[in-house]
Protein chains: 2
Amino acid sequence: MRRNAPKSVIKRLPVYLRILDNLIRRDVEIISSRILSEETGFTAEQIRKDLAFFGAFGTRGTGYNTSYLREKLLRIIGLDKQTNLIVVGAGHLGKALTRYNITKNPYVKVVGIFDNNPNELDAEIEGVKVRVMEELPAVVKEHDVKVAMITVPADVAQAVVSTLVDNGITAILNFAPTKLKAPDNVYVHNADLTIELQSLIYYSLEEEKHNLG
Amino acid sequence: MRRNAPKSVIKRLPVYLRILDNLIRRDVEIISSRILSEETGFTAEQIRKDLAFFGAFGTRGTGYNTSYLREKLLRIIGLDKQTNLIVVGAGHLGKALTRYNITKNPYVKVVGIFDNNPNELDAEIEGVKVRVMEELPAVVKEHDVKVAMITVPADVAQAVVSTLVDNGITAILNFAPTKLKAPDNVYVHNADLTIELQSLIYYSLEEEKHNLG
DNA sequence: CATTGTGAACGGATTCACAGCC
DNA sequence: GGCTGTGAATCCGTTCACAATG
């Protein structure tokens with residue numbers, strides 16, 4: 001196996017994939033790093049370096065075959081086979097995320113939604129029933145789930161993480177506004193909307209200053 | 001005015017702010033960078049550098065006064081005065097985000113939600129009525145809105161951006177899975193959940209490999 | 001003497017410049 | 001000739017080490 005891929009590279013791969021999907025839909029068969037650069041906003045060199053990190057996928061003088069590159073990227077990201085995931089927290093955000101990724105992503109399937117609030121129980125979201133936390137281990141086992149999204153309140157998020165880790169989850173997308181502790185062999189990514197929004201406010205004021213000055 | 005703050009620093013400020021809020025709630029008056037480091041997972045040096053970028057807020061030998069530092073951070077981020085924002089796209093995600101930030105964030109207020117889907121119109125989310133796009137300019141003007149969140153489908157997102165820019169919006173949080181073009185004096189931040197989820201899948205497989213090997 | 005604030009060293013990611021190849 | 005692939009140079013953020021100071 002090669003050395004670990006930089007995080008920055010991994011975050012760009014899904015962008016390439018999406019653009020390739022669009023290109024293929026429009027029957028474009030070959031694409032250059034320069035055009036990809038225009039579509040993504042990343043530099044052409046950066047795109048070539050990103051792709052070259054995983055292998056030589058292009059043809060010098062010509063460009064990249066869109067279908068071939070797409071296959072490679074699907075493989076690299078792990079989207080060449082079905083990924084099952086669970087959502088913990090069936091509030092508004094949890095429901096929206098469930099609908100979002102079921103409808104937008106053919107490679108990824110939500111196989112369980114969990115919440116201990118009795119108001120949410122037995123609701124069905126896109127055909128997936130909301131279950132109590134006690135049923136989590138069985139669902140995770142049955143569908144060999146490794147990936148979870150957390151949309152519970154901050155004060156219970158850490159307890160949820162422990163449960164997830166105990167049940168063999170290896171990657172967690174955390175929407176709860178709190179720092180989570182997890183073992184080294186579990187990858188936690190924070191997608192904290194409060195932080196995004198507050199940074200945005202900072203930049204809105206920067207722009208305003210700049211536009212005035 | 002000082003040089004531009006690195007993006008990485010700006011993304012950490014809201015984290016500090018949240019922890020300070022917690023500390024103040026627990027009547028903690030002084031905090032060291034070492035303790036902040038434990039709470040955030042960032043290194044103590046990094047925290048000191050981040051804060052020092054904006055000024056000398058601490059006391060050598062003692063630490064940082066929590067209330068004082070909180071005030072400073074609120075000021076720096078721009079949360080010392082009310083920020084009004086609008087949400088474009090009243091689908092599940094748009095509604096969830098509206099509820100999320102209204103309930104979680106006292107400094108920030110959603111003053112308008114817009115959608116041209118007649119099914120969504122006249123619905124009320126946390127007391128805010130869903131309006132047609134035609135009403136956007138009036139609402140933006142009335143509440144001096146500079147910040148917008150976009151949760152419309154990818155194929156209409158660029159048109160929405162144009163409308164927003166024309167109406168004086170200077171910062172956009174984009175949840176639509178597409179790259180948006182905007183003038184230099186408008187800050188666009190992509191919060192693309194597809195990308196987050198796909199990167200997560202990559203890491204879940206990395207962890208799995210690592211745990212096996 | 002504990003802790004901040006900071007110049008210097010380091011490291012990782014991006015950009016440059018060009019060699020390699022169709 | 002045109003575009004990929006890549007070593008070298010550069011840039012930028014983090015870490016280190018320590019001087020400054022209440």
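As the structure is a computational prediction, the values presented were derived from the model and not from experiment. Lettering of chains follows the sequences in order, A, B, ..., and the numbering in each one begins at 1.
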Protein-nucleotides 13-16 of chain D N/O pairs under 3.5 Å:
| residue | atom | partner | partner atom | Å |
| --- | --- | --- | --- | --- |
| dT14(D) | OP1 | Arg12(B) | NH1 | 3.0 |
| dT14(D) | OP1 | Gln46(B) | NE2 | 3.2 |
| dT14(D) | OP2 | Arg12(B) | NH2 | 3.1 |
| dT14(D) | O5' | Gln46(B) | NE2 | 2.9 |
| dT15(D) | OP2 | Thr43(B) | OG1 | 3.0 |
| dT15(D) | O4 | Lys49(B) | NZ | 2.8 |

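- Protein atom CD of Glu38(A) is 11 Å distant from nucleotide atom P of dC3(D), rounded to whole Å.
- Among Val188(A), Asn185(A), Val186(A), the single residue meeting the side-chain contact (heavy atoms from CB on, under 4.5 Å) criterion with Val165(A) is Val186(A).
- The distance from atom CZ of Phe53(A) to atom P of dG7(D) is 13 Å, rounded to the nearest whole Å.
- By the 6.0 Å contact criterion, CD on Glu29(A) is open, its count of non-hydrogen atoms from other residues, nucleotides or ligands being 12 or less.
- Expressed to the nearest 0.5 Å, how far CG of Leu73(B) lies from OG1 of Thr66(B) amounts to 11.5 Å.
- Note that OG1 of Thr178(B) and CG of Asp155(B) are 9.0 Å apart. Values are rounded to the nearest 0.5 Å.
- Put simply, CG on Asn4(B) and NE2 on His210(A) are 8.0 Å apart, with the number rounded to the nearest 0.5 Å.
- Atom CD1 in Ile47(A) sits roughly 13 Å away from atom C1' in dT14(C) (whole-Å rounding).
- Between Phe54(A) and Tyr202(B), the ring-plane angle classifies as perpendicular under the 30° and 60° cut-offs.
- If you check the side chains of Tyr16(A) and Asp50(A), you find a donor sitting under 3.5 Å from an acceptor.
- If you take CZ of Arg48(A) and P of dC18(C), they are 14 Å apart, rounded to a whole angstrom.
- Atom CD of Glu39(B) sits about 8.0 Å away from atom CG of Asn22(B), to the nearest 0.5 Å.
- Here the OG atom belonging to Ser33(B) is positioned 12.5 Å from the NZ atom belonging to Lys49(B), to the nearest 0.5 angstrom.
- The interatomic distance linking Leu36(B) (CG) with dT3(C) (P) rounds to 12 Å, in whole Å.
- Whole-Å rounding puts the Leu51(A) CG to dC3(D) C1' distance at 13 Å.
- Remark: Thr59(A), Arg60(A), Gly61(A), Thr62(A), Gly63(A), Tyr64(A) in residues 59-66 of chain A come within less than 4.0 Å of DNA chain D through at least one heavy atom.
- Between Ile35(A) atom CD1 and dG2(D) atom C1' there is a gap of 13 Å when expressed in whole angstrom units.
- Distance, Ile31(A) CD1 to dG2(D) P: 17 Å, rounded to whole Å.
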